[in-house]
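Structure, as structure tokens:
Since the model is a prediction, treat every value here as computed from it, not as a measurement. Lettering of chains follows the sequences in order, A, B, ..., and the numbering in each one begins at 1.
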Number of protein chains: 2
Amino acid sequence: MQDVSSHMVRRLQRFVSLTNAELALLADMERDSRAVSAGDWLWQEGDAADTLLVLTEGWSCSARYLPDGSRQLLEIFLPGDILGIGELADGKRRSDVSMLTDGRISEYAYPRLRELFERAERLRSALFVIANQRQAMLAERLVSVARRNARQRLAHFLCECRARLLEPASARQRFLLPLSQQDLADALGMSTVHISRTFSSLACLGLVRRRHYHILILDPARLERLAGFNGAYLQCDPQLLAPEPPAAEIQ
Amino acid sequence: MQDVSSHMVRRLQRFVSLTNAELALLADMERDSRAVSAGDWLWQEGDAADTLLVLTEGWSCSARYLPDGSRQLLEIFLPGDILGIGELADGKRRSDVSMLTDGRISEYAYPRLRELFERAERLRSALFVIANQRQAMLAERLVSVARRNARQRLAHFLCECRARLLEPASARQRFLLPLSQQDLADALGMSTVHISRTFSSLACLGLVRRRHYHILILDPARLERLAGFNGAYLQCDPQLLAPEPPAAEIQ
DNA sequence: CGTGATATTGATTCCACTCAATATGAGTGG
DNA sequence: CCACTCATATTGAGTGGAATCAATATCACG
């Protein structure tokens, strides 16, 4: 039996309950990880893509840079997240990805992946589900930026981060959010100044406090109500995934 | 040899060059289509999903409705587009989809699909590529709404529509855009009033004219420059798809 | 203890919103 | 064929939320 408590395994098990054989394969996948530092690029737009990445530890993000020098953060990746799923399709990285914190990543070359899929088809489906969930998150951010005011937008983002954490719900009232106000501004389509003011305003309402990258959510329920947050898009009904194969088949 | 000129086939052939056998399978896929009217719902959030839809004719869109009654258009679908790819993963529709115009759709039940994939694995890959491109479009709209001003935003949207049309580039200077200013506002996170003003402003600059849902692009190059449009995200490098199978194999 | 990154606060500006009035045009029935 | 209606679009006036500019403040770190 392998290290079942790895972040990635815990993340995958939100979608499929894994067999021992599958756990073994995944443990193998994370076998050799390498350390990366905050600010390091994992890849850049246009790079050739021939690996899947597992973010074993740390946070990272994908971004688009605009001609005027501003940038838009597209996705935020948390420990355990799998990066580069979409690129499986066409072999070209389509946005810049860099580390927000120090961390560890393990790489998985496409040929090894194919091999993995042959032995555990359900993992392929799991990737498809994850890609799908990413799209839902992107859509939700579009809604945020297009339709919600600054306070709702920030509140919604905090709710989403909270919901994505792997810790049990009870332990998610305070957590580390390793994004500077500049990062938050770039993610939410706001100015840094207004991020600051909006945090003040949320604090005034007794909803949230932030100090040195630490978030304390004082009133989760009221925050979600304010944000119009509905976590359904983060869940997934794994029923339609291929059923767990009989143990014999994967001996 | 089947009806090669169907919208869907032309769309798929942007990604893979299809064999005769694959063309036959696809023609079968579109065999029985049914008419739908502008405003008809194709499905709603939460519906059980067990079919893929091909939009044989007409335009449609997916949308999220907010508690305050406003809505955000997420995706715009053009003739030939395939709807419900993501839902293959978890069997639940995740947004409302309705027709913008009259049209025709043909449905494809999942069991039939699996059968299809067995006979033509490359079509499965093609779906994955398409899902991926959709995500890229969503990301690009997020960038638009978060970072571009009204003029660039509308200009960018028009450039994208133009690029997605199946007509040869020379014939895309004028086209039908069957979205009301209300629809455009809902898609771009603006007010109807400002859509109107922005069209005026684009007309003043000699870039675009709109009359009764008809768009005339006067200066495509300058429009793209203004919008910061780069169509790369709409293309896809199909190299990494499984190679075309030998003819014998699919007899 | 100084330095540079990060955050707060105040003053001002501006883009896009809202409200409201008017225009245009397609469709309908007298 | 014209008058009426309803949906859609245009235009003007006034407002406001968030941006920008600018001046501190806080804090981690060497």
* **Residues in ring-ring contact (aromatic ring centres under 6.0 Å, His included) contact with A/Phe229, at least two apart in sequence or another chain** =>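 Listed in chain order: A/His156.
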
* **Inter- and intrachain pairs under ring-ring contact (aromatic ring centres under 6.0 Å, His included), touching residues 179-225 of chain B, at least two apart** => none

If you take any heavy atom closer than 4.0 Å to DNA chain D, which residues from [range] end up in contact?
range                       : result
residues 143-156 of chain A : A/Asn149, A/Ala150
residues 66-76 of chain A   : none
residues 197-213 of chain A : A/Arg197, A/Arg211, A/His212

* Asked: To 10°, what angle do the rotation axes through the five end pairs on each side of the helix from C/dC1-D/dG30 to C/dG30-D/dC1 form?
  -> 30°

* To do: Tell me, with the steps shown, if A/Thr51 and A/Leu53 meet side-chain contact (heavy atoms from CB on, under 4.5 Å).
  => CA-CA 6 Å; A/Thr51 61; A/Leu53 243 62; 3.8 Å; yes

Using a strict threshold of under 4.0 Å (side-chain N to carboxylate O), is an ion pair present between [Y] and [X]?
X        : Y        : result
A/Arg148 : A/Glu140 : yes
B/Lys92  : B/Asp50  : no
B/Arg64  : B/Asp96  : no
A/Glu107 : A/Arg34  : yes

* To do: Taking atom types as modelled, find out whether B/Arg104 and B/Ser33 have a side-chain donor-acceptor pair closer than 3.5 angstrom.
  => yes

* **Which atom of B/Leu73 lies closest to which atom of B/Ala63, heavy atoms considered** => CD2-CB, 3.7 Å

* Taking all non-hydrogen atoms of both residues, which atom of B/Thr101 and which atom of B/Pro178 are closest, and how far apart? ->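 Closest heavy-atom pair between B/Thr101 and B/Pro178: CG2-CB, 3.3 Å.
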
* Could I get the full list of salt bridge (Lys or Arg N to Asp or Glu O under 4.0 Å) partners for B/Arg162, not counting sequence neighbours? =>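 For B/Arg162, no residue satisfies salt bridge (Lys or Arg N to Asp or Glu O under 4.0 Å) once neighbours in sequence are set aside.
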
Quick one: side-chain contact (heavy atoms from CB on, under 4.5 Å) partners of [X], sequence neighbours excluded?
X        : result
A/Ala131 : A/Ile85
A/Asn230 : A/Ala232
B/Leu205 : B/Arg151, B/Leu207

* Structure fact -> Bounded by its outermost nucleotides with an atom under 4.0 Å from a heavy atom of chain A, the footprint on DNA chain D reads D/dA18 to D/dA28

* Residues, nucleotides or ligands: over 12 heavy atoms within 6.0 Å of B/Arg209 CZ -> no

* A/Arg222 CZ: over 12 foreign heavy atoms closer than 6.0 Å ->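 Counting neighbours around CZ of A/Arg222, more than 12 heavy atoms of other residues, nucleotides or ligands fall under 6.0 Å, so yes.
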
* **Polar side-chain atom of B/Arg93 near backbone of B/Trp43 as donor-acceptor pair, under 3.5 Å** => no

* Structure fact -> So, with a heavy-atom separation below 4.0 Å from DNA chain C, the residues of residues 173-185 of chain A are A/Ser180, A/Gln181

